[in-house]
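Here, residue 1 is the first one in the sequence, and each next residue gets the next number. Side chains included, hydrogens not; waters and symmetry mates left out as well; all remaining heavy atoms used.
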Amino acid sequence: MQLPIDQIDLLTYRLERISADSHVAHLASGYRGALLKWREKLEQMANENLSLADEEEQQLEEVLQRCYRLLEAAALTRFSLSGTAVKRPHGKKITVRASKV
């Protein structure tokens, strides 16, 4: 697996841009923290020419996928797709509420 540092940087930036008024903002904060820890770990491993164990690769992939789902939920909220059911990153469904525009 190629180290996805660029992907982590992009996701971190996008999660940071989620409006604080969004009901997914608190989740975004937690996932940003997780991504930053992964980035630090990956940089250290790259400096030491190490690679991730299979279990670690799977955990990182899961975090990345949850971040993408979280961004999708935030986008649906932002663009007022009221009544649309969205799966939260941890699997529970939410219904997106209309936002004030």
Side-chain angles (χ1 to χ4, degrees):
M1 171 183 198
Q2 184 179 359
L3 300 180
I5 292 176
D6 291 339
Q7 186 179 14
I8 289 173
D9 289 343
L10 179 65
L11 282 169
T12 302
Y13 173 77
R14 290 185 177 172
L15 290 172
E16 188 175 295
R17 305 291 298 162
I18 293 175
S19 170
D21 295 337
S22 170
H23 65 279
V24 294
H26 68 283
L27 290 172
S29 176
Y31 281 104
R32 269 187 56 243
L35 287 174
L36 292 172
K37 287 180 184 176
W38 273 106
R39 188 183 198 293
E40 185 178 323
K41 180 176 184 167
L42 292 173
E43 283 181 333
Q44 183 179 20
M45 292 179 79
N47 290 337
E48 299 173 7
N49 290 325
L50 299 174
S51 61
L52 292 172
D54 289 341
E55 185 178 309
E56 290 175 318
E57 278 187 38
Q58 194 172 20
Q59 290 171 352
L60 176 56
E61 184 62 32
E62 186 176 315
V63 169
L64 294 173
Q65 290 305 314
R66 287 180 179 189
C67 288
Y68 281 115
R69 287 195 302 263
L70 182 60
L71 287 170
E72 182 181 2
L76 289 171
T77 301
R78 170 71 173 98
F79 294 108
S80 302
L81 300 175
S82 184
T84 304
V86 177
K87 259 190 162 177
R88 293 178 84 172
H90 49 73
K92 294 182 181 177
K93 284 189 179 182
I94 58 171
T95 300
V96 177
R97 298 173 292 231
S99 63
K100 297 177 186 175
V101 179

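Proximity of Thr12 to Trp38: side-chain heavy atoms (C-beta onward) are nowhere separated by under 4.5 Å. Proximity of Pro4 to Leu42: side-chain heavy atoms (C-beta onward) are separated by under 4.5 Å at one or more points. Under the 4.5 Å side-chain criterion, counting only non-hydrogen atoms from C-beta, Glu40 is not in contact with Gln44. Side-chain contact between Glu61 and Glu57: absent, with no pair of heavy atoms (C-beta onward) separated by less than 4.5 Å. Counting heavy atoms from C-beta on, the side chains of Asp9 and Leu35 never come closer than 4.5 Å. Between Leu27 and Leu15, every side-chain heavy-atom pair lies at or beyond the 4.5 Å cut-off.
The CG atom of Leu10 lies 14.0 Å from the CD1 atom of Ile5; values are rounded to the nearest 0.5 Å. Interatomic distance, Ile18 CD1 to Leu70 CG, rounded to the nearest 0.5 Å: 4.5 Å.
Residues Arg66 and Tyr31 approach most closely at CD-OH, 3.4 Å, considering heavy atoms. When every heavy atom of Ala25 is checked against every heavy atom of Ser19, the shortest pair comes out as CB-O, 3.4 Å.
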Ile8/Leu64 under side chain to side chain contact (heavy atoms under 4.5 Å, CB included): CA gap, chis, key distance, verdict: CA-CA 8 Å; Ile8 289 173; Leu64 294 173; 4.1 Å; yes
Side chain to side chain contact (heavy atoms under 4.5 Å, CB included) between Arg69 and Gln65, intermediate numbers included: CA-CA 6 Å; Arg69 287 195 302 263; Gln65 290 305 314; 4.0 Å; yes
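In terms of hydrophobic clustering, with Ile, Leu, Val, Met, Phe, Trp and Tyr side chains grouped at heavy-atom distances under 4.5 Å, Leu71 and Tyr13 are assigned to different clusters. Note: the hydrophobic cluster containing Leu11 does not contain Leu36 (ILVMFWY, side chain heavy atoms under 4.5 Å, direct or indirect links).
Within a 6.0 Å radius of CD in Glu48, more than 12 heavy atoms belonging to other residues, nucleotides or ligands are found. In the displayed structure, Gln59 atom CD is contacted under 6.0 Å by more than 12 heavy atoms of other residues, nucleotides or ligands.
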